[in-house]
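Data block below; observations after.
Below, chains carry the letters A, B, ... as their sequence lines are ordered, and counting in each starts from 1. Here the structure is a predicted model, which means the values were calculated and not measured.
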Amino acid sequence: MSFGYFSRKVLAALATLAFVVCFNFFLFRVVESDPVASLFRGRNLTPAQRLELRQEFGLDGSKGEQFVRYLQQTAQLNLGRSYRSNQPVSSEIRERAWPTIALVGVSTLFSAIFGILIGIVAAWRRRTKADYGWTGFSMATYSMPDFWLGMLLLISFAVALGWFPVGGITDTGSDATGVAKLFDQAHHMFLPALTLTLAYLGEYALVMRSSLLDTMREDYLTLARAKGLRDVVVRNRHAVPNALLPVVTLIAINFGFVLSGAIAVETIFSWPGLGLLTYDALKGPDLPMLQGLFLVFSAAVIFFNLVADLLYGFLDPRVRTP
Amino acid sequence: MSSIAVSPRSIAWQRRRRALAQAWAQYRRHLPGMIGLGVLVVIVAMALLAPVISNHDELRAVNTVDNPTWATPSEFPPLGTDNLGRSVWAQFVWGARISLLVGLAATLIAIVIGSVVGIAAGFYRGVGSAVLMRLTEWFLVIPFLPLAIVLAAILGPSVRNIILVIGITSWPSTARLVRAQVLTLKERLYVERSRALGASNRHLIGRHIFPNVSPIILANLTLTVPIAILSETTLAFLGLGDPTRASWGKMLDEAFRAGALSRNAWWYFLPPGLGIMAVVIAFTLIGSALEEILDPRLRERRK
């Protein structure tokens, strides 16, 4: 990959990040009135206390001063204090990030594997029962609200059958450590991970199917067959690797979006990640927390978009040249 | 043909009518597209007939104190009641109206913004066009759901705000699609010839660019509606929907909060989810059928 392509993409991503940081400030300041007044409604505050609270939440001074201070603090990864818990937003986000990354990572991996396999089967056996069945299945999971699918799985496998816990990340009061703790967490993660896997697999399957169908019309496949290669070899060595290209970039891009897309699913299963943090921050609303989460979610999308671009440049020589 | 009726405009209209009739003839042969259309017609009819086939009074808890709570469909046909004794069937039917309204209205906003931005960014050159393009790319990477959540939380819950929020967060993909199409269109020979004959930008956009991108906009519209409906569902589920109007998303929110899951009250949360699925599949089928018919490159693939 040329250095020019690399640096161009990184610079564009940094510019986007700068835009998001500024946008984030104005989005929250445009409508915010006086949170100190509404938070401490009914309490007798002296003007001095009021001022002190404003300073604590960074709400004193003109909008310009606030903006400069916001930029300085954001550069130091200081995202302010939560109205609800009065804890630094950044440390709460850091603490809650791991459960989400684990959940989203596992689900993305499985949805990618199964989505691609389903897409290959459907495209290769085009217009057979296998194609109609798998394409129908993909369409169905794609069109369900993901949290509704989660509710269905929850009621069947946790409430009715009792195979899995109904929520949380560990058994309450459990003091297990080591392998036992890991097993307990995996047991809790199964249903939310299954939900997200099913919810995202449909899109990958449909994209893989249409990409492979496009590839199958290429001349080099006709040539490969004319050479006398077996069907399986044509598929696995010539068609699939080329058809994978758009799916791989889609997966990288989606990974950034899935981080924030798990909000409703995490809520259903009380999975203590960033999604549940968002849901809880909405009551109130806890604006510094929402602002911090919004920044983190946007940064994730920008980062994985960059990864997708670089991956594409690495995998497909045609896009490297401007 | 008699000579009186022949004017450039009438010729153009005849041509358009013929093209439309041809497209419909092709669409009728497209089985998945027709299935989608059929499902959609049924659901829209149900939403329009809501006052006839259900009792609006059953939606308010003040009117339902005499009803049993958590009644199963067999105890309180056709779909049972919720924790407040309200009819699930009435909520389902009236909720269809709000879900469809939000989906269609939000899509309309998104498509109008996206088309205007896309045509402007693709047709004109210069600083303004470059800025528009940058803006589109920036908005493409802002995660849609958190932005919608933040906007809805700031603006406050009402049907109008939900429509606005989904509309102004969904336009960038349309803008990008339209811009790419306009970029290739404006290099075509007939556009160049028209410009050489002295046509103004307005004439070029109105007569050549817009009519040629409109099929793509139409296909994109039908593919945006399901996304908008799913977004409404998620926002309503997170408690950001209009608290006074039933929608499918709000039904799921209330069912979840009322503990329908632990009570195994499947009749409460199954219908809205199935309704959403049906609408989303219907629009997706219609959209991809339109795409295949209107986009010659895809039509070829069907052979």
Residue among A:Leu149, A:Ile155, A:Ile302, A:Val159 with most heavy-atom pairs under 4.5 Å to chain B: A:Ile155
Within 6.0 angstrom of B:Arg245 CZ, more than 12 heavy atoms from elsewhere: no
Per-residue contact mode, B:Phe144 against chain A (heavy atom under 4.5 angstrom): backbone
Contact class of B:Thr234 relative to chain A, heavy atoms under 4.5 angstrom: both
Under 3.5 Å donor-acceptor, A:Trp148 side chain and B:Phe269 backbone: yes
Spacing of SG belonging to A:Cys22 relative to CH2 belonging to B:Trp138, to within rounding of 0.5 Å: 9.0 Å
Structural part of B:Leu261 lying under 4.5 Å from a heavy atom of chain A: both
B:Phe237/A:Ile268 under side chain to side chain contact (heavy atoms under 4.5 Å, CB included): CA gap, chis, key distance, verdict: CA-CA 10 Å; B:Phe237 178 73; A:Ile268 294 282; 3.4 Å; yes
Parallel, tilted or perpendicular, as decided by the 30° and 60° cut-offs, for the rings of A:Phe23 and B:Phe139: perpendicular
Which portion of A:Ala158 sits near chain B, non-hydrogen atoms under 4.5 angstrom: neither
Atom pair CD1 (B:Ile142) and OG (A:Ser298), whose distance is rounded to the nearest 0.5 Å: 6.0 Å
Chain B contacts, top residue of A:Tyr279, A:Phe147, A:Phe294 (heavy-atom pairs, under 4.5 Å): A:Phe147
Which atom of B:Leu238 lies closest to which atom of A:Ala264, heavy atoms considered: CD2-CA, 4.4 Å
Residue B:Arg257 versus chain A: region with a heavy atom under 4.5 Å: side chain
Atom pair CG/CG of B:Leu140 and A:Asn305 - distance to nearest 0.5 Å: 8.5 Å
CH2/A:Trp124: more than 12 non-hydrogen atoms of other groups inside 6.0 Å: yes
Atom OH of B:Tyr27 with >12 non-hydrogen neighbours under 6.0 angstrom: yes
4.5 Å side-chain heavy-atom contact, A:Leu293 and B:Val150: no
Part of B:Pro143 within contact of chain A (heavy atom distance under 4.5 Å): both
Within-4.5 Å side-chain heavy-atom neighbours: B:Thr284 and A:Met139: yes
Pair B:Leu145-A:Ile263, side chain to side chain contact (heavy atoms under 4.5 Å, CB included): steps then yes or no: CA-CA 9 Å; B:Leu145 189 61; A:Ile263 294 173; 4.3 Å; yes
Toward chain A, the part of B:Leu270 with a non-hydrogen atom under 4.5 Å: both
From CA spacing to verdict: side chain to side chain contact (heavy atoms under 4.5 Å, CB included), A:Tyr142, B:Val280: CA-CA 9 Å; A:Tyr142 175 69; B:Val280 171; 5.5 Å; no
Crowding at CZ, B:Arg176 (>12 non-hydrogen neighbours, <6.0 Å): no
Leading residue by heavy atom contact count with chain A [cutoff under 4.5 Å; candidates B:Asn264, B:Ile149, B:Ile276, B:Val141]: B:Val141
Spatial distance of atom OG (A:Ser143) from atom CD1 (B:Ile229) [nearest 0.5 Å]: 11.5 Å
Heavy-atom proximity to chain B below 4.5 Å, by part of A:Phe297: both
